[in-house]
Number of protein chains: 2
Amino acid sequence: MNQRNIISFETLRVACKNCSVGALCLPLGLEPEDIGRLENIVKRTRPLHRGDFLFRDGDRFRSLYVVKTGSVKSYAPSAEGGERVLGFHLPGEIIGLDAIDKDAHACSATALETSALCEIPFPRLEELSTVIPNLQRQMYRLLSKEIGNETEMLLLLGKKSAEERLATFVLNMSKRLQKRGLSPTDFHLSMSRHEIGNYLGLAVETVSRLFTRYQDDGLMVVDRKHIQLIDLDGLETLSNGSGPTRQQQRN
Amino acid sequence: MNQRNIISFETLRVACKNCSVGALCLPLGLEPEDIGRLENIVKRTRPLHRGDFLFRDGDRFRSLYVVKTGSVKSYAPSAEGGERVLGFHLPGEIIGLDAIDKDAHACSATALETSALCEIPFPRLEELSTVIPNLQRQMYRLLSKEIGNETEMLLLLGKKSAEERLATFVLNMSKRLQKRGLSPTDFHLSMSRHEIGNYLGLAVETVSRLFTRYQDDGLMVVDRKHIQLIDLDGLETLSNGSGPTRQQQRN
DNA sequence: ACTTTGACTTGATCCAGATCAAAGCTTGCC
DNA sequence: GGCAAGCTTTGATCTGGATCAAGTCAAAGT
């Protein structure tokens with residue numbers, strides 16, 4: 001009885017510790033005691049539904065957000081109503097790091113499907129990280145990793161062909177899902193072809209044609225948003241531009 | 001006499017405080033006393049000459065570097081000997097932030113001209129930033145700003161035309177030089193056309209043709225690596241893609 | 001069952017910018 | 001000075017992927 005009370009108390013209070021994505025998130029590398037301190041400043045947001053905004057371009061920066069379940073897309077609205085997709089965020093990934101410097105969001109973020117998120121008020125996180133060195137270290141790592149990810153994207157947009165881009169994208173999804181304990185070869189894409197194309201700097205039609213081609217070549221089976229990867233090695237080869245079609249850009 | 005001694009002592013010990021780029025660099029927002037503590041861990045490297053390496057792809061990550069004078073290019077060497085230019089670094093800019101996460105450099109950095117740099121051993125900086133909250137804050141800002149810069153580049157590579165890219169690049173240089181107290185309209189590019197093209201995802205020939213066109217259109221005067229901007233507004237318009245030639249990408 | 005709506009696919013055509021080719025310029029070195 | 005090696009420019013051609021233009025298909029309402 002006493003035992004049960006303790007358990008239910010723990011279940012209520014301890015969230016990060018039991019969170020399925022904790023190992024990918026902020027708590028990584030923290031002592032249990034420090035995770036407790038972190039939990040005290042983390043808030044749960046009410047679930048977002050498809051299309052709901054997490055924040056908008058120009059909003060004052062207050063908090064970082066972590067996807068708990070579902071997925072989020074961030075994008076820069078352009079003057080003429082167009083948009084430019086900057087990223088897709090899966091469970092465990094942190095959103096808003098780019099806003100720290102300017103104290104305002106430079107992009108918008110909306111849910112791609114029903115999603116749950118954690119909100120971490122940044123001033124409190126900053127404070128906490130001055131007294132928990134491991135948290136500071138983790139923050140540096142996360143910020144640095146984000147830079148690394150963007151550098152990867154620069155590589156992709158700067159010199160990869162359409163074929164390489166989409167293969168890279170699909171593999172990247174596969175790897176990120178795997179880290180979250182999901183199947184790396186059988187998954188659902190929560191974003192539209194249009195959004196994928198926009199993200200990769202390609203036209204929708206090109207994305208569509210490539211999915212068809214990959215399927216014809218036996219690399220994957222595509223059924224609308226459901227993807228089954230058949231030949232991971234083949235995709236890897238494609239994504240590195242060593243395919244037979246590949247011609248080296250002189251640059 | 002006593003006075004002179006103090007002065008020369010100060011001159012030796014105090015470096016950041018008198019540094020011409022201090023206001024753009026790590027000391028920004030620190031108390032004089034804390035700047036002193038920062039100076040204690042900063043080392044000066046021997047000057048690098050054109051082509052010298054600051055670090056190479058794969059090197060263990062030990063330090064961040066700040067350009068003091070000159071300029072540095074960072075790039076990702078690709079398997080087949082090609083390279084992909086990731087950035088050009090001017091005085092006051094910090095190099096190596098992307099390596100914190102993996103504890104290894106994922107790109108190489110070489111001097112574009114004779115350059116002086118400051119080396120900041122990261123473990124010591126990390127330590128120091130746990131006891132100087134303002135330093136921690138400045139680190140978060142710098143990392144975040146770097147993310148913002150890369151996002152800008154994603155925008156550029158993902159949806160801008162060649163014309164817009166080069167105009168954006170030239171204006172970006174202009175603004176960065178201005179922040180350093182140099183002329184925003186009359187400057188020297190330390191990198192080759194090839195490197196500019198590679199950085200912007202364009203062929204050398206395209207870069208060359210565009211410079212010629214800009215000059216013909218009276219936007220700037222180009223003499224080899226020496227650039228004089230004539231019509232900043234015109235360039236700004238071009239860089240935003242509102243030019244008459246511009247057609248909206250549907251994405 | 002029938003329309004509407006929006007996302008996706010497929011085919012035909014077009015074009016910005018890459019690639020190929022060939023000079024001009026600079027710079028450095030013997 | 002003169003020659004070689006790189007840069008840079010300029011012209012001609014080619015092509016990957018964008019655009020334009022019809023469909024096709026699935027889910028949701030009527």
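Below, chain A is the first sequence line, B the second, and so on; all start at residue 1. Keep in mind that this is a model prediction, so the values were computed, not measured.
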Between atom CD in E163(A) and atom C1' in dG17(D), what is the gap in whole Å? 12 Å

Scan for side chain to side chain donor-acceptor pair (under 3.5 Å) pairs involving residues 226-235 of chain A, sequence neighbours excluded, and state none if there are none. D186(A)-H226(A)

Only one of L177(B), V21(B), L182(B) clears side chain to side chain contact (heavy atoms under 4.5 Å, CB included) with L90(B); which? L177(B)

Do any pairs count as a salt bridge (charged side-chain N to carboxylate O under 4.0 Å, His left out) and have a residue in residues 53-76 of chain A, sequence neighbours left out, and if so which ones? R60(A)-D103(A), K73(A)-E83(A), K73(A)-E195(A)

Of all pairs that satisfy side chain to side chain donor-acceptor pair (under 3.5 Å), the ones with a partner from residues 168-180 of chain A, not counting sequence neighbours: E93(A)-R176(A), E93(A)-R180(A), K160(A)-T168(A), N172(A)-R176(A)

Any N/O pairs under 3.5 Å between the protein and nucleotides 5-9 of chain C? List them or say none.
unit_1 : atom_1 : unit_2  : atom_2 : d
dC8(C) : OP2    : R193(A) : N      : 3.0
dT9(C) : OP1    : R193(A) : NH2    : 3.4
dT9(C) : OP2    : R193(A) : NE     : 2.9
dT9(C) : OP2    : S208(A) : OG     : 2.9
dT9(C) : O5'    : S208(A) : OG     : 3.0

Tell me the closest heavy-atom pair linking R141(A) and D101(B), and the distance in Å. NH1-O, 2.8 Å

Rounded distance in Å - NZ (K159(B)) to C1' (dA18(D)): 14 Å

In whole angstroms, how far is the P atom of dG11(C) from the CZ atom of R213(A)? 13 Å

Taken in chain and number order and not counting sequence neighbours, the residues that satisfy side-chain hydrogen bond (donor to acceptor under 3.5 Å, both in side chains) with T185(B) are S183(B)

Residues forming a ring-ring contact (aromatic ring centres under 6.0 Å, His included) with F187(A), sequence neighbours excluded: none

Find the distance H226(B):NE2 to dT26(C):C1' and express it as a whole number of Å. 17 Å

Would you work out how much the helix from dA1(C)-dT30(D) to dC30(C)-dG1(D) bends between its ends, with each end axis defined by five base pairs, to 10 degrees? 30°

Under the side-chain hydrogen bond (donor to acceptor under 3.5 Å, both in side chains) test, which residues partner T110(B), sequence neighbours left out? none

Taking atom P of dG17(C) as reference, at what distance in whole Å does atom CG of L210(B) sit? 8 Å

Nearest-Å distance for atom pair CD/C1', residues E164(A) and dG17(D): 14 Å

Take the protein atom CG of L200(A) and the nucleotide atom P of dG17(D), then report the distance between them rounded to whole Å. 12 Å

For R193(A), enumerate each residue passing the side-chain hydrogen bond (donor to acceptor under 3.5 Å, both in side chains) test, keeping only those at least two apart in sequence or located in another chain. none

L112(B) atom CG is separated from dC7(D) atom C1', nearest whole Å, by 15 Å

When R50(B) and T206(A) are each assigned the nearest nucleotide of DNA chain D, the 5'-most assignment goes to R50(B)

